[in-house]
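A quick write-up on the structure given underneath.
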Amino acid sequence: MPMDIQFVEGHPRIEEVRNQVAVKRGPLVYCIETPDIPESSSILDMYIGSDSALTAHYRDDFLGGMTTISADLLVRKDSTSEMYNQVKKPQWDAIRTEFVPYYAWSNRGTAEMTVFLPIVWK
């Protein structure tokens, strides 16, 4: 069975995922969890570049053995808790992280998770 890694998007009328993508490998959808991002960051600060290198790795030491996907994410540094903000060009940090299969999330303690990430077109 082909297990190519690709981005998928929801229908444009699904407002909650507009301009966002999910990572899919074969029939499996992947997600990111807070244990795989910097402690000072939020899931809501994570973005993915359209040119991010997505690489599958089998890890026998991870939850009894499964394939994760390594990817470069962009972490927005200038996020704020204000209701409205003047629009400025975002400041980014780059991190390398792991996506886990959606079916396997929430197996490493209490964590937040997301399937869809805003995409930054490059």
Side-chain angles (χ1 to χ4, degrees):
M1 173 182 346
M3 298 290 276
D4 296 333
I5 304 170
Q6 55 191 263
F7 289 136
V8 294
E9 64 181 342
H11 191 281
R13 290 189 181 159
I14 306 172
E15 185 174 346
E16 290 78 10
V17 297
R18 190 177 302 135
N19 300 318
Q20 297 186 46
V21 295
V23 174
K24 181 179 167 217
R25 179 176 174 263
L28 299 177
V29 174
Y30 282 69
C31 65
I32 60 167
E33 295 185 278
T34 49
D36 300 315
I37 63 173
E39 282 188 34
S40 60
S41 299
S42 164
I43 286 285
L44 300 175
D45 296 330
M46 300 296 122
Y47 291 70
I48 192 160
S50 61
D51 61 350
S52 180
L54 304 172
T55 310
H57 302 278
Y58 180 77
R59 292 185 46 198
D60 56 4
D61 64 331
F62 187 76
L63 301 176
M66 68 179 52
T67 299
T68 62
I69 296 175
S70 296
D72 296 317
L73 294 186
L74 300 169
V75 182
R76 189 166 178 173
K77 296 188 325 182
D78 57 346
S79 63
T80 179
S81 60
E82 299 296 321
M83 180 68 77
Y84 299 100
N85 298 289
Q86 182 178 358
V87 176
K88 297 177 185 172
K89 184 176 179 178
Q91 298 295 313
W92 305 102
D93 278 335
I95 63 166
R96 188 87 177 152
T97 192
E98 298 288 320
F99 283 72
V100 299
Y102 174 76
Y103 71 82
W105 82 277
S106 196
N107 280 289
R108 297 180 284 165
T110 303
E112 291 183 326
M113 172 279 300
T114 190
V115 171
F116 283 90
L117 292 167
I119 188 163
V120 177
W121 292 99
K122 296 183 176 186

- Message: According to a hydrophobic-cluster definition based on side-chain heavy atoms being under 4.5 Å apart (Ile, Leu, Val, Met, Phe, Trp, Tyr only), do I69 and V21 belong together?
- Response: yes
- Could you list all the side chain to side chain donor-acceptor pair (under 3.5 Å) pairs where at least one residue sits in residues 89-98, not counting sequence neighbours? T68-E98, S70-E98, D72-R96
- Where is the tightest heavy-atom contact between C31 and V115, given as atom of each residue plus distance? CB-CG2, 4.0 Å
- So, for G26 and M3, which heavy atoms are closest and what is the spacing to 0.1 Å? CA-SD, 3.7 Å
- Compare every heavy atom of W105 with every heavy atom of Y102, then report the nearest pair and how far apart it is. O-CD1, 2.8 Å
- Query: At what distance, to the nearest 0.5 angstrom, does CG of L74 lie from CD1 of I119?
  - Reply: 10.0 Å
- Taken to the nearest 0.5 Å, the spacing of D51 CG from K122 NZ works out to 5.0 Å
- Out of curiosity, L117 CG to Y47 OH, how far, rounded to the nearest 0.5 Å? 10.0 Å
- Joint hydrophobic cluster, L73 plus V120, side-chain heavy atoms closer than 4.5 Å: no
- Item | Pairs meeting criterion side chain to side chain donor-acceptor pair (under 3.5 Å) with involvement of residues 18-44, two or more places apart | E33-R108, D36-R108
- Yes or no on side chain to side chain contact (heavy atoms under 4.5 Å, CB included) for Y103 and M66, after CA distance, side-chain angles and deciding distance? CA-CA 11 Å; Y103 71 82; M66 68 179 52; 4.1 Å; yes
- Considering all heavy atoms, the nearest G64-Y58 contact: O-OH, 4.4 Å
- Examine F7 and I32 and state if one hydrophobic cluster contains both, with Ile, Leu, Val, Met, Phe, Trp and Tyr joined whenever side-chain heavy atoms are less than 4.5 Å apart. yes
- Message: Go through it in stages, so that I can follow the logic: the residues are H57 and T55, the test is side chain to side chain contact (heavy atoms under 4.5 Å, CB included), and I'd like the CA-CA distance, side-chain angles, deciding distance and then a yes or no.
- Response: CA-CA 7 Å; H57 302 278; T55 310; 3.5 Å; yes
- Message: I'd like to check I14 versus F116 (side-chain heavy atoms, cut-off strictly below 4.5 Å). Are they in contact?
- Response: no
- Message: Test of understanding: clusters of I, L, V, M, F, W, Y form through side-chain heavy atoms closer than 4.5 Å, transitively. Do V100 and L63 belong to the same one?
- Response: yes
- Item | M46 side, atom CE; I37 side, atom CD1 - distance, nearest 0.5 Å | 4.0 Å
- Message: Please determine whether the number of non-hydrogen atoms from other residues, nucleotides or ligands lying under 6.0 Å from atom CD of Q6 exceeds 12.
- Response: yes
- Query: Do I48 and V17 belong to the same hydrophobic cluster, where Ile, Leu, Val, Met, Phe, Trp and Tyr are linked whenever their side-chain heavy atoms lie under 4.5 Å apart, directly or via other members?
  - Reply: no
